[in-house]
Amino acid sequence: MSGKKERNKERREKRLQEISLLRTIPYSDHQRWWSQETVAVVTGANRGIGFEIARQLAGHGLTVILTSRNISVGIEATKALQEGGFSYDVHQLDILDVESISAFVEWIKQKYGGIDILVNNAGVNYNLGFDNSVEFARQVVDTNYYGTKNMIKAMISVMKPSAAAARIVNRIQDATLREKLTNLETLSEELIDRTVSSFLQQVEDETWQSGGWPQTFTDYSVSKLAVNAYTRLVAKELCDRPQGEKIYINCYCPGWVKTAMTGWAGNISPEVAADTGVWLSLLSDQAITGKFFAERREINF
């Protein structure tokens, strides 16, 4: 291992040790803006990082709603979590299906009136380990970008007014951003969509390798690049909401995690990977929005 890689590894391990220590420190009464009446939705929560985010949020005393494409799998996950004595609910949700999203929103309105936190964890990756096929690029982009975008648009309408502000947390992976998606002044939903469409067209034309796209985990990285850009765009659109109706939206990278999505090739556990997503969900006294975090630290765009 080169000297630079060794130093990076040491820094990362030191930071993970710091986070492990921080997680042992309970939130003070002043920091706890939430209660058991606070409702958090975690998509794709039947396994992996989503399951762990749900477990940790419930452990902090929130009411957590797990969603899963397969309701039977979701129910089994909920049963496992309920053994800890915390408050969970479960509902079927396919973020690729507009009707499924609409049904979920109506169920939320009827049963809970609204939600306080949305963690967009659901996503797909068809490459295991360090493979880099784009065979399923369309499915990856549709799920990770368009599905997440549709969830954000649908759920904003049921986010509860709160002095502490509602929160949206989007899970992404660190990806090199294309220059045209970094300028917030010119960024638009249409531009993001065109960029994604351009990538998919190049995949179809078999020219994507010379298109300047990330050369590792390409389809997954492009889909999450788009979520990253959309997060900043929505933050800008929501920033003028009056106090009491604020919604803070951020994204985070969980790291290279030992889950089915990585073929169990990761180097950190789901428990550790979930930490930053939970931390962003529960931030108090800080109006942080439109940012990207890893290991509880902001990463500059």
Side-chain angles (χ1 to χ4, degrees), residues 1 5-27 31-32 34 40-62 64 66-68 77-78 80-81 83-84 86 88 117-125 127-130 144 148 167-175 216-217 220-221 224 227-228 231 250-284 286 288 291-299:
M1 184 179 291
K5 287 184 177 180
E6 184 65 34
R7 289 192 296 273
N8 287 340
K9 181 181 178 183
E10 290 175 357
R11 281 196 293 269
R12 185 177 61 81
E13 289 178 349
K14 181 180 179 181
R15 181 56 184 166
L16 292 177
Q17 290 174 358
E18 292 171 353
I19 290 174
S20 294
L21 177 60
L22 290 170
R23 291 181 59 234
T24 67
I25 303 172
Y27 285 91
Q31 293 172 312
R32 292 176 65 92
W34 64 90
V41 169
V42 184
T43 67
N46 55 283
R47 66 178 186 177
I49 299 171
F51 181 91
E52 188 59 35
I53 289 174
R55 188 187 70 80
Q56 291 185 27
L57 286 174
H60 285 297
L62 289 75
V64 180
L66 288 75
T67 76
S68 174
T78 304
L81 289 168
E83 292 176 359
F86 300 116
Y88 298 93
I117 298 168
L118 169 65
V119 181
N120 282 309
N121 172 77
V124 296
N125 174 28
N127 286 309
L128 295 179
F130 293 95
N144 297 352
T148 297
R167 290 101 192 281
I168 301 174
V169 179
N170 299 322
R171 172 187 158 190
I172 69 168
Q173 291 296 130
D174 192 5
T216 56
F217 313 113
Y220 189 82
S221 294
K224 294 302 188 176
V227 172
N228 193 324
T231 297
N250 294 287
C251 53
Y252 81 103
C253 172
W256 188 234
V257 190
K258 296 177 183 176
T259 63
M261 184 174 285
T262 65
W264 310 102
N267 53 26
I268 61 173
S269 68
E271 181 180 8
V272 173
D275 175 78
T276 300
V278 173
W279 174 74
L280 281 172
S281 298
L282 301 180
L283 272 178
S284 59
Q286 296 185 61
I288 295 175
K291 305 298 184 181
F292 172 36
F293 290 84
E295 298 173 355
R296 296 198 185 192
R297 287 175 172 168
E298 182 181 347
I299 306 298

Self-check item: Results of side-chain hydrogen bond (donor to acceptor under 3.5 Å, both in side chains) for Arg32 - residues two or more places apart only
Solution: none

Quiz item: Mind checking what makes salt bridge (charged side-chain N to carboxylate O under 4.0 Å, His left out) contact with Glu298, not counting sequence neighbours?
Solution: Lys291

Practice problem: Identify the two heavy atoms, one from Ile268 and one from Gly255, that lie closest to each other, and give their separation to 0.1 Å. | Solution: CD1-CA, 4.2 Å

Quiz item: Who pairs with Arg296 by salt bridge (charged side-chain N to carboxylate O under 4.0 Å, His left out), at least two apart in sequence or on another chain?
Solution: Asp275

Practice problem: Take Trp279 and Phe293 through the test ring-ring contact (aromatic ring centres under 6.0 Å, His included) and record every step on the way to the result. | Solution: CA-CA 10 Å; Trp279 174 74; Phe293 290 84; 5.5 Å; yes

Quiz item: Listed by chain and number, what are the side chain to side chain contact (heavy atoms under 4.5 Å, CB included) partners of Glu271, not counting sequence neighbours?
Solution: Arg23, Glu52, Arg55, Gln56, Ser269

Quiz item: Mind checking whether Asn250 and Val169 have side chains closer than 4.5 Å, heavy atoms only?
Solution: no

Quiz item: side chain to side chain contact (heavy atoms under 4.5 Å, CB included) with Ser68: which residues, sequence neighbours excluded?
Solution: Asn46, Asn70, Val73

Self-check item: Tyr88: ring-ring contact (aromatic ring centres under 6.0 Å, His included) partners, not counting sequence neighbours
Solution: none

Self-check item: All side chain to side chain contact (heavy atoms under 4.5 Å, CB included) counterparts of Ala122, not counting sequence neighbours
Solution: Thr43, Ile95

Quiz prompt | Pairwise distance CG(Asn127) to OH(Tyr220) - rounded to 0.5 angstrom | solution = 11.5 Å

Exercise. Return yes if some donor-acceptor pair links the side-chain N/O of Arg171 with the main-chain N/O of Ile49 below 3.5 Å, else return no.
Key: no

Exercise. Identify the two heavy atoms, one from Ala40 and one from Leu62, that lie closest to each other, and give their separation to 0.1 Å.
Key: CB-CD2, 4.2 Å

Exercise. Output the distance between atom OG1 (Thr276) and atom OH (Tyr252), rounded to the nearest 0.5 Å.
Key: 7.5 Å

Quiz item: If you take all heavy atoms of Thr24 and Leu21, which pair is closest and at what distance?
Solution: OG1-O, 2.5 Å

Self-check item: Step-by-step side chain to side chain contact (heavy atoms under 4.5 Å, CB included) determination, Leu282 to Tyr27
Solution: CA-CA 10 Å; Leu282 301 180; Tyr27 285 91; 4.0 Å; yes

Practice problem: Apply side chain to side chain contact (heavy atoms under 4.5 Å, CB included) to the pair Ile19 and Glu295, showing each step before the final yes or no. | Solution: CA-CA 7 Å; Ile19 290 174; Glu295 298 173 355; 3.6 Å; yes

Self-check item: Which residues share a side chain to side chain contact (heavy atoms under 4.5 Å, CB included) with Asn170, sequence neighbours left out
Solution: Asn120, Thr148, Ile152, Ile168, Val227, Thr231, Ile249, Cys251

Self-check item: Partner set under ring-ring contact (aromatic ring centres under 6.0 Å, His included) for Phe86, not counting sequence neighbours
Solution: none

Quiz item: Taking all non-hydrogen atoms of both residues, which atom of Ala45 and which atom of Ala54 are closest, and how far apart?
Solution: CB-CB, 4.5 Å

Practice problem: Could you pull out the closest heavy-atom pair between Phe51 and Ala77, with the gap in Å? | Solution: CE1-O, 3.6 Å

Quiz item: Less than 4.5 Å apart, any side-chain heavy atom of Ser281 and any of Leu57?
Solution: yes

Quiz prompt | Interatomic distance, Ile288 atom CD1 to Leu283 atom CG [nearest 0.5 angstrom] | solution = 5.0 Å

Quiz item: Can you list the steps and then say if Leu81 with Val64 is a side chain to side chain contact (heavy atoms under 4.5 Å, CB included)?
Solution: CA-CA 10 Å; Leu81 289 168; Val64 180; over 6 Å; no

Practice problem: Could you list the residues that satisfy side-chain hydrogen bond (donor to acceptor under 3.5 Å, both in side chains) with Glu18, not counting sequence neighbours? | Solution: Arg15

